[in-house]
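First up is the structure itself, then whatever we jot down about it.
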Amino acid sequence: MTGGHRDPIARCTALLRDAVLRGDEYTAVDVVVDALHEGIAPESVLLEVIGAVQASIGEDWAANRISVAQEHAATAINDRVISTLALSVPRGRGERGRITVACVDGEWHAFPARLLAEVLRLRGFAVDYLGAQVPSAHLITHLHRTGPDAVALSSSIATRLPTAHATISACQAAGVPVIVGGAAFGADGRYARLLAADAWAPDARAAADTLDGGLPAPARPHSQPTDDLPHLSDQEFTLVDRNATALVAGVVDGLSGRIPEMARYDDTQLLRTAEDVRHIVDFLAVALYTGDPDLFTGFLDWTASVLSARSVPQHVLPPVLDLLADELREFPRASELLATALTTRARDAHGAGRPA
């Protein structure tokens, strides 16, 4: 491998990406082992090669360039490639302290947490990597049993933020500080601050840097969500979240009168429609929880882009929002969120030259 520092990494990234997309696990392993032999630092291989490939795989799925099955296969190969790397390089002996790395309960996207766990091991931490969707009660039991210096909590999907909030509070009540990361907490960490996490990091390297400096003990253990989010006292989040299934059923029933082609939907299409509506209700609920309308409109923008990539007409979104607004007309904050979203969708549709 020749060229400057960036060239070998870019070349390895291209080779690994090609291998995982072809499902060629042996070549993927060879690429990473060769990268280590040629002098690329293990942390760079983890984050700038494997992590970069994994991020590009997610982008490919969103753009409909690969299927869900291809995405899962590529992720599985990347995960096994990490295992190979972990066995191929010297590891610390835990001299830097002990960190528990876990995903929020309900969070299945464990890859970012796995990357962080391996980076911390490379830097000399003892790491308890608990993986995807760790129930809070089991996490707290683990903390009492092992006494780590900190918890690193990961979440990629914003709908897990209420659960993340409860988990952060429970860890702090156990006397263990929490650093959070992942797309769920916002690109600028705004939801980490909102939920009173002890620290936030935009990526694994920054998280490791923060933990290298040590986290102080939690300043104010607390247990009630309204301590941090007083707007929750209006109960709108609780009622929407508790009645989400009935809301989805009502909207899907109403859609059949708004979208004539639904009369020809088969059972699978109706099921997918209900799943899409459930995602919208869940993001509306978490926007009520955080009090951030951008969280809801941002999700709708992303949904519109995913639908567009799959040639699904975006005109299905306004009727869903309109039906939800009718169902939730007694909820002032939800009504305002939905009105803003409807205005935004209509503006975007007009800007794109298509009817809403």
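Side chains of His142 and Pro148 form no contact here, defined as non-hydrogen atoms less than 4.5 Å apart. Annotation: side chain of Thr13 is in contact with side chain of Ile9 (closest heavy-atom distance under 4.5 Å). By the 4.5 Å heavy-atom criterion applied to side chains, Val286 and Phe296 are not counted as neighbours. Residues Leu229 and Thr290 have side chains not in contact (no heavy-atom distance under 4.5 Å, counting atoms from C-beta outward). Looking at heavy atoms from C-beta onward, Leu295 lies in side-chain contact with Leu161 at the 4.5 angstrom threshold. Looking only at side-chain heavy atoms (C-beta outward), Leu255 and Thr273 come within less than 4.5 Å of each other. Residues Ile280 and Leu321 are in side-chain contact: their nearest non-hydrogen atoms beyond the backbone lie under 4.5 Å apart. The closest side-chain heavy-atom distance from Val134 to Asp105 is not below 4.5 Å.
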Kindly determine whether Met262 and Leu270 satisfy side-chain contact (heavy atoms from CB on, under 4.5 Å), including the steps that lead there.
CA-CA 8 Å; Met262 281 190 67; Leu270 289 172; 3.9 Å; yes
How far apart are the C-alpha atoms of Ile57 and Leu21, what are their side-chain angles, what is the distance that settles it, and do they pass the side-chain contact (heavy atoms from CB on, under 4.5 Å) test?
CA-CA 8 Å; Ile57 295 298; Leu21 286 176; 3.4 Å; yes
Criterion salt bridge (Lys or Arg N to Asp or Glu O under 4.0 Å) on Asp253 and Arg258, from CA distance to verdict:
CA-CA 10 Å; Asp253 284 346; Arg258 305 282 187 99; over 6 Å; no
Kindly determine whether Leu143 and Ile140 satisfy side-chain contact (heavy atoms from CB on, under 4.5 Å), including the steps that lead there.
CA-CA 5 Å; Leu143 301 185; Ile140 300 306; 4.0 Å; yes
Determine whether Ile50 and Ile82 satisfy the following criterion, side-chain contact (heavy atoms from CB on, under 4.5 Å), listing intermediate values before the conclusion.
CA-CA 8 Å; Ile50 302 173; Ile82 290 176; 4.1 Å; yes
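Using a 3.5 Å distance cut-off with no hydrogens or angles, the side chains of Thr167 and Ser136 do pair a donor with an acceptor. If you check the side chains of Gln54 and Thr75, you find a donor sitting under 3.5 Å from an acceptor. Using modelled atom types and a 3.5 Å distance limit, the side chains of Ser335 and Arg329 yield no donor-acceptor pair. A donor and an acceptor atom, one from each side chain of Thr163 and Arg160, are located under 3.5 Å apart.
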Just list the side-chain donor-acceptor pairs under 3.5 Å for residues 180-202, sequence neighbours left out, or say none.
residue: Asp188; atom: OD1; partner: Arg190; partner atom: N; Å: 3.1
residue: Asp188; atom: OD1; partner: Arg190; partner atom: NE; Å: 3.2
residue: Asp188; atom: OD2; partner: Arg190; partner atom: NE; Å: 3.3
residue: Asp188; atom: OD2; partner: Arg190; partner atom: NH2; Å: 3.3
residue: Tyr191; atom: OH; partner: Asp292; partner atom: OD2; Å: 2.5
residue: Arg193; atom: NH1; partner: Asp188; partner atom: O; Å: 3.0
residue: Arg193; atom: NH2; partner: Asp188; partner atom: O; Å: 3.3
residue: Asp198; atom: OD2; partner: Gln172; partner atom: NE2; Å: 2.9
residue: Asp198; atom: OD2; partner: Val178; partner atom: N; Å: 2.8

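Side-chain atoms of Asp241 do not come within 3.5 Å of backbone N or O of Ala285 as any donor-acceptor pair. No donor-acceptor distance shorter than 3.5 angstrom exists from the side chain of Glu48 to the backbone of Val45, with no hydrogens or angles considered. At distances below 3.5 Å, not a single donor-acceptor pair connects side-chain atoms of Asp322 with backbone N or O atoms of Pro318. Between the side chain of Ser308 and the backbone N or O of Ala304, no donor-acceptor pair lies under 3.5 Å. Of the possible donor and acceptor atoms, none in the side chain of Ser44 sits under 3.5 Å from a partner among the backbone N and O of Ile40.
For Arg333, the side-chain hydrogen bond (donor to acceptor under 3.5 Å, both in side chains) criterion is met by Asp234, not counting sequence neighbours. Residues satisfying the salt bridge (charged side-chain N to carboxylate O under 4.0 Å, His left out) test with Glu275, not counting sequence neighbours, are Arg272. Partners of Phe299 according to the ring pair (Phe, Tyr, Trp, His ring centres under 6.0 Å) rule, which considers only residues two or more places apart in sequence or in another chain, are Phe283. Residues satisfying the side-chain hydrogen bond (donor to acceptor under 3.5 Å, both in side chains) criterion with Glu327, sequence neighbours excluded, are absent altogether. By the side-chain hydrogen bond (donor to acceptor under 3.5 Å, both in side chains) test, Ser155 pairs with Glu107, sequence neighbours left out. Evaluation of the salt bridge (charged side-chain N to carboxylate O under 4.0 Å, His left out) rule for Asp18 yields Arg22 as partners, not counting sequence neighbours. A search for side-chain hydrogen bond (donor to acceptor under 3.5 Å, both in side chains) contacts involving Thr27 returns Asp24, not counting sequence neighbours. Applying the salt bridge (charged side-chain N to carboxylate O under 4.0 Å, His left out) criterion to Arg114, with sequence neighbours excluded, gives Asp79, Glu118. Under the salt bridge (charged side-chain N to carboxylate O under 4.0 Å, His left out) criterion, Asp203 pairs with no residue at all, not counting sequence neighbours.
In this structure, Thr297 OG1 and Leu342 CG are separated by 12.0 Å, a value rounded to the nearest 0.5 Å. Here Asp301 contributes atom CG and Thr344 contributes atom OG1; the two are 7.5 Å apart, rounded to the nearest 0.5 Å. Atom SG of residue Cys12 and atom CG of residue Leu16 lie 8.5 Å apart, to the nearest 0.5 angstrom. With rounding to the nearest 0.5 Å, the separation of CG in Leu15 from CG in Asp34 is 9.0 Å. Distance check, rounded to the nearest 0.5 Å: CG of Leu130 to SG of Cys103 gives 9.0 Å. Rounding to the nearest 0.5 Å places CD1 of Ile157 at 11.0 Å from CG of Asp282.
Cluster partners of Tyr129, using a side-chain heavy-atom cutoff of under 4.5 Å among ILVMFWY residues and allowing indirect links, are Ile99, Val101, Leu116, Leu120, Phe125, Val127, Ile179, Leu211, Leu215.
Closest approach of Leu317 to Leu300, counting heavy atoms only: CD1-O, 4.3 Å. Across Gly175 and Pro177, no two heavy atoms sit closer than the pair O-CD, 3.9 Å. Gly97 approaches Asp149 most closely through the heavy-atom pair CA-OD2, 3.3 Å. Nearest heavy-atom pair, Cys171 versus Leu139, reported as atom, atom and distance to 0.1 Å: SG-CD2, 3.8 Å.
Taking a cutoff of 4.0 Å between a charged side-chain nitrogen and a carboxylate oxygen, Asp7 and Arg11 do not qualify as a salt bridge. Salt bridge Arg205/Asp212: absent, no basic N to carboxylate O contact under 4.0 Å. Residues Arg123 and Glu43 are paired through a salt bridge, judged by an N-O separation under 4.0 Å between the basic side chain and the carboxylate.
Evaluation of the ring pair (Phe, Tyr, Trp, His ring centres under 6.0 Å) test over residues 226-274, restricted to residues two or more places apart or in two chains, returns Phe237-Tyr289.
No path of Ile, Leu, Val, Met, Phe, Trp and Tyr side chains, each step under 4.5 Å between heavy atoms, connects Leu36 with Tyr26, placing them in separate hydrophobic clusters.
For Glu336, the CD atom is loosely surrounded, since the number of other residues' heavy atoms within 6.0 Å does not exceed 12.
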